[in-house]
Amino acid sequence: MVIIRVSFRPFCSATLRRMEPNTLIPAIGDLANKHILLGLTGGIACYKSAELCRLLIKQGATVQVVMTEAATQFITPVTMQALSNRPVVCSQWDARAPNNMPHINLGREADAIVIAPCSADFIARLVQGRSDELLSLLCLARPINTVPLLIAPAMNREMWAHPATQRNMAQLSDDGAIVLGVGNGDQACGETGDGRMLEPAELLEEVVAFFQPKPLRGQRVLVTAGPTFEAIDPVRGITNLSSGKMGFSIARAAREAGAEVTLVAGPVALATPRGVTRIDVQSAQNMLAAVMERAQAATVFVATAAVADWRPAQAAQQKIKKDGSGQTPVLQFVENTDILATLAQSARAQSGALFCVGFAAESQDLLANAQAKRARKGVPLLVGNIGPATFGKDDNALLLVDAHSATELPHASKLHLARQLVAEIAHRLQK
Ligand code: CTP
């Protein structure tokens, strides 16, 4: 780590640390050095597994595909071999391995086994410990403490809701498998409901999350994100350029780190990170109310939102019309409550039960502005960034400021920075 001491007027005692970029920004994906055994069982969702295979590889994983006979009715091993760049194994009698034991070799090589799609029948087979075909056999033969089993069920909604399936799912979890859940929506059979396999991108997010360290396990993290919208009349309002991407990345990173996460989001068109509870709000007042309702349960609050400082004193009930006179309307503004400062002054924050982190979107003089803002808001940690340089983008650079020092997190993807920030928060919680 490179430590650079600099003097900044009027904060000449500040220490500016710069994290060494090479150690922080992985050149390759989130699954670098991971070997995934991707198991396919019989279900129409097999077509999505081709995309999942591509996504896993794009994130740096090597993928060994194993298919049941039923899976080969839905997608060919040729497709999966071409995508994974490895021969697909479909039989326990496959004699290519010198020891003729694919059920032992394949499981032991893997960092994780992901069964996607996992049919109702295959779930029942796992529960019973059946072993009369390769995939169930290698799941049974896997070293249970070192080779995790992740399950992506896929089936018709009635099959999913059936007590037998639900009983089997509960048993699978008890046996140590990680059930990734199901999606809701239109099914191939024409019915609508729960039971669809999760989308490939959702499954990838779950697999990536699984491998992340869990320093926030047991913490409850509340995050605000995005802009707010302050209505002038029913069709107009005041907002800002915040995209919400940084806050959503922080919510995702906190969940990956094992926290229970609630995300209070202003009006943005972003997908909710997997496993995160999302509350959509419009105005700063809505955001304040949503945050206050949940703050009692939180142990960490990260205020990423670009909350409007002012709102029109009175939103017009009807659209404000031009009256032809050329006169412009006069708007009166009132200041919005500072959500972060309110929480930072709460008894829980003062007693150390709630750790508050603020953001500062500045256009210049980042260090001085961030330090002044940290002191003004009364938070132990404030994250500065240059707003115009990052609004709407997928990357950013951050400056972490506390009472004694400032640390630069060099330019990287917002998700990567969010993971670094989460690690820093976890470190401070342990002190
Ligand atoms: N914040 C908040 N509620 C507000 C205004 C800001 O919770 N009503 C939070 C933001 O989420 C951020 C921090 O306060 O974590 C700083 O926000 P920013 O807009 O950068 O600063 P302001 O307090 O608005 O100060 P200024 O506009 O003067 O820079």
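Start at 1 and go down the list; that is how both ligands and their atoms are numbered. Side-chain atoms are counted along with the backbone in the values below, which use heavy atoms only and exclude waters and symmetry mates.
Using a 4.0 Å cut-off between a side-chain N of Lys or Arg and a carboxylate O of Asp or Glu, K377 and D338 qualify as a salt bridge. Comment: R255 does not engage E260 in a salt bridge, judged by the lack of any side-chain N to carboxylate O separation of less than 4.0 angstrom.
In terms of the side chain to side chain donor-acceptor pair (under 3.5 Å) criterion, D121 has no residue partners (sequence neighbours excluded).
Judged by distance alone, with hydrogens and angles left aside, the side-chain atoms of E205 form a donor-acceptor pair with the main-chain N or O of R274 at under 3.5 Å.
Using a 3.5 Å distance cut-off with no hydrogens or angles, the side chains of Q219 and T299 do pair a donor with an acceptor. Between the side chains of E191 and N156, a donor-acceptor pair is found at a separation under 3.5 Å.
Ordered by chain and residue number, the residues placing a heavy atom less than 4.0 Å from ligand 1 are A303, A305, V307, D309, T337, D338, I339, L340, G358, F359, A360, A361, K373, R376, K377.
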